[in-house]
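What you see is a predicted model; the values in this text were computed from it and never measured. When a residue number appears, it is its place in the shown sequence, counting from 1.
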Amino acid sequence: MAALPFLLALHIALLLLLPCSCQVGDSCSSARDCGAGLYCGNCAATGKTRPSCIRDLAIQPTSIGLPFNRYSWLVTHNSFSIVGEPSHTGVERVTFYNQEDTVTNQLRNGVRGLMLDMYDFNDDIWLCHSLQGQCYNFTAFQPAIDTLKEVEAFLSENPTEIITIFIEDYVHSPMGLSKLFTAADLTKYWYPISEMPTGGKDWPSVTDMVAKNHRLLVFTSDASKEASEGIAYQWSYLLENESGDPGITGSCPNRKESQSLNSRSASLFLQNYFPTIPVENEACKENSVGLPQMVQTCYAAAGNRIPNFIAVNYYMRSDGGGVFDVQDRINGLTLCGCNTIAACQAGTPASACKDTGAPNRNTSSVNGNVYSGTIEFKSPASAASILNANISSNFVGLLLLGLVLIIKPF
């Protein structure tokens with residue numbers, strides 16, 4: 001009988017050290033049950049009644065060094081409008097929310113585009129989710145420089161990554177944005193307007209952009225800033241569909257400031273997919289069911305052009321793969337002819353797809369029903385899983401020794 005406590009403790013210790021094996025869609029009771037790049041959640045909006053493993057991490061496709069406009073990137077709508085963000089004005093905030101984690105965490109999870117609403121406020125430039133071009137103490141989130149410093153820290157720590165910022169611009173202070181980005185130490189990453197392609201030409205390859213350290217693209221909604229501050233006017237360089245409710249159903253109309261989506265005047269396409277009024281608990285259904293369908297609709301409306309940026313609310317919410325699976329499918333089919341970027345293999349012919357547990361399509365087209373259903377995603381080894389493996393091999397002996405010492409009196 002004396003051996004039973006020891007065996008029980010040993011069993012528990014081994015369970016704690018075993019790598020998590022559940023994949024997308026598998027039932028779970030906690031995040032520990034799920035593999036790397038997954039969390040345990042539920043999407044009641046799609047009728048699910050029990051938690052399952054859900055993706056929260058993107059695969060970056062840039063190991064295949066093509067022009068920047070050949071890729072699809074994940075963008076968070078109102079990246080700064082975060083649930084639970086404390087007030088910095090001393091007044092309770094009254095506004096809508098669109099995301100659930102910090103900008104730093106968004107970037108770590110694979111977000112590569114940020115939508116930021118900037119206003120003059122309190123003799124500074126703030127991020128606000130407001131109305132009528134005016135920031136109020138009950139719609140203000142934080143000084144914009146705080147978020148931009150998060151961006152700078154990420155770019156500094158990740159020297160091969162590229163970030164795009166879309167500014168909804170209500171800043172009227174002279175040279176306000178230039179001073180802001182200089183203060184945040186971001187100008188060293190700046191992609192200059194003089195090198196931005198026009199007339200629908202290809203952008204440089206991501207490899208060239210990284211080599212030149214042109215790793216920050218900034219676009220403004222204020223046309224005057226291009227001449228006065230050297231900040232690119234958004235709709236001179238990209239096409240965009242209508243935001244809000246018109247962007248989540250129907251025929252995918254273009255935003256009024258943008259050229260028609262099938263125009264070849266620009267080589268970048270931003271697809272908005274978020275409702276006018278965000279509902280947190282509905283986002284998992286929107287990102288799982290509605291988004292794949294609307295990507296197909298917008299692809300056709302844009303003259304068979306892939307969305308280079310997909311902007312969503314509550315990006316981690318889905319019933320399994322969500323926006324991450326959609327992005328993987330677009331990048332896989334476009335870059336290597338596989339139905340997920342996880343199946344692409346550098347240096348091999350197109351459609352030479354490795355087995356990821358999902359059926360591969362041997363076509364580079366994104367037409368037809370390629371976005372219907374979900375795929376079984378197998379997460380690649382991450383730093384966390386490698387660390388867990390090292391802990392298992394290097395310290396299991398010490399841990400078991402400790403357990404023996406602890407239970408020895410029994």
Any side-chain donor-acceptor pair under 3.5 Å between [X] and [Y]?
X	Y	value
E226	Y237	yes
T89	S87	yes
T220	D222	no
S258	N254	no

Heavy-atom closest pair, residues [X] and [Y]:
X	Y	answer
Y97	Y314	O-OH, 2.9 Å
C53	C22	SG-CB, 3.6 Å
A352	Q345	O-NE2, 2.9 Å
C298	N241	SG-ND2, 4.1 Å
S318	Y39	N-OH, 4.4 Å
I82	V103	CD1-N, 4.3 Å

(request) Can you label the angle between the F68 ring and the F309 ring as parallel, tilted or perpendicular, going by 30° and 60°? (result)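 Rings of F68 and F309: tilted, as their planes differ by 30° to 60°.
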(message) Please verify the inter-ring angle class for F324 with Y315; under 30° counts as parallel, over 60° as perpendicular, anything in between as tilted.
(response)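 Rings of F324 and Y315: perpendicular, over 60°.
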(request) Show your reasoning for whether disulfide (SG to SG under 2.5 Å) applies to C344 and C353. (result) CA-CA 6 Å; C344 294; C353 309; over 6 Å; no
(request) Report the distance from atom CD1 of I330 to atom OH of Y299, rounding to the nearest 0.5 Å. (result)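 Reported value, rounded in 0.5 Å steps: 10.0 Å.
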(message) For the SG atom of C135 and the CG atom of D117, what is their distance to the nearest 0.5 Å?
(response)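 Here the rounded value is 10.0 Å.
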Salt-bridge present ([X], [Y]; N to O < 4.0 Å):
X	Y	value
E240	R255	yes
E85	R93	no
E282	R317	no
R55	D325	yes

(request) List in chain and number order the residues that pass ring-ring contact (aromatic ring centres under 6.0 Å, His included) with F96, two or more places apart in sequence or in another chain; answer none if no residue qualifies. (result)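 So F96 forms no ring-ring contact (aromatic ring centres under 6.0 Å, His included) with any residue.
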(message) Taking ring-ring contact (aromatic ring centres under 6.0 Å, His included) as the definition, give me every residue that meets it alongside F219, ordered by chain and number, with sequence neighbours left out.
(response)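 Residues passing ring-ring contact (aromatic ring centres under 6.0 Å, His included) with F219: F166.
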(request) Would you sort out whether S288 and D319 count as a side chain to side chain donor-acceptor pair (under 3.5 Å), showing the intermediate values? (result) CA-CA 6 Å; S288 301; D319 69 353; 2.9 Å; yes
(message) Quick one, I310 with V323, criterion side chain to side chain contact (heavy atoms under 4.5 Å, CB included). Give me CA distance, side-chain angles, the key distance, then yes/no.
(response) CA-CA 8 Å; I310 303 176; V323 66; 4.3 Å; yes
(request) Could you check if a side-chain atom of V206 sits within less than 4.5 angstrom of a side-chain atom of L66, using non-hydrogen atoms only? (result)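 Side chain of V206 against side chain of L66, heavy atoms only: no contact under 4.5 Å found.
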(message) Is there a disulfide (SG to SG under 2.5 Å) between C28 and C40? Walk through the geometry before answering.
(response) CA-CA 6 Å; C28 58; C40 186; 2.1 Å; yes
(request) Could you tell me if the ring centre of W190 sits under 6.0 Å from that of F181? (result)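 Centroid separation for W190 and F181: below 6.0 Å.
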(request) May I ask you to check whether F138 and Y136 place their ring centers less than 6.0 Å from one another? (result)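 Ring centres of Y136 and F138 closer than 6.0 Å.
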(request) Under the side chain to side chain contact (heavy atoms under 4.5 Å, CB included) rule, what do E150 and D146 come out as? Steps first, then yes or no, please. (result) CA-CA 7 Å; E150 292 184 72; D146 294 346; 5.7 Å; no
(request) Check whether NZ of the Lys or CZ of the Arg R215 lies under 6.0 Å from the centre of the six-membered ring of Y191 and within 45 degrees of that ring's axis. (result)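 That pair does not qualify as a cation-pi contact.
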(request) Please identify each residue that fulfils side chain to side chain contact (heavy atoms under 4.5 Å, CB included) with K188, with sequence neighbours left out. (result)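 K188 satisfies side chain to side chain contact (heavy atoms under 4.5 Å, CB included) with E152, D185 once adjacent residues are dropped.
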(request) Please identify each residue that fulfils side chain to side chain contact (heavy atoms under 4.5 Å, CB included) with S221, with sequence neighbours left out. (result)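 For S221, the residues satisfying side chain to side chain contact (heavy atoms under 4.5 Å, CB included) (neighbours in sequence not counted) are D169, W235.
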Compile the donor-acceptor pairs under 3.5 Å between side chains in residues 196-203 and protein atoms, sequence neighbours left out, one pair per line.
residue: D202; atom: OD1; partner: N69; partner atom: ND2; Å: 2.8
residue: D202; atom: OD2; partner: R70; partner atom: NH2; Å: 2.7
residue: W203; atom: NE1; partner: S267; partner atom: OG; Å: 3.2

(request) Any chance you could lay out the side chain to side chain donor-acceptor pair (under 3.5 Å) test for T76 and Q106, step after step, and finish with the verdict? (result) CA-CA 8 Å; T76 46; Q106 292 173 32; 2.8 Å; yes
(message) Please determine whether side chain to side chain contact (heavy atoms under 4.5 Å, CB included) holds for the pair V326 and R329, giving the CA-CA distance in whole Å, both sets of side-chain angles, and the decisive distance to 0.1 Å.
(response) CA-CA 5 Å; V326 172; R329 285 172 178 262; 5.7 Å; no
(request) Step by step, work out the side chain to side chain donor-acceptor pair (under 3.5 Å) result for N313 and H77. (result) CA-CA 6 Å; N313 290 334; H77 172 231; 2.8 Å; yes
(message) Just to verify, what does N122 make a side chain to side chain donor-acceptor pair (under 3.5 Å) with, not counting sequence neighbours?
(response)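 N122: no side chain to side chain donor-acceptor pair (under 3.5 Å) contacts found.
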(message) Test side chain to side chain contact (heavy atoms under 4.5 Å, CB included) on V24 and I54; report intermediate values, then the result.
(response) CA-CA 5 Å; V24 170; I54 297 172; over 6 Å; no
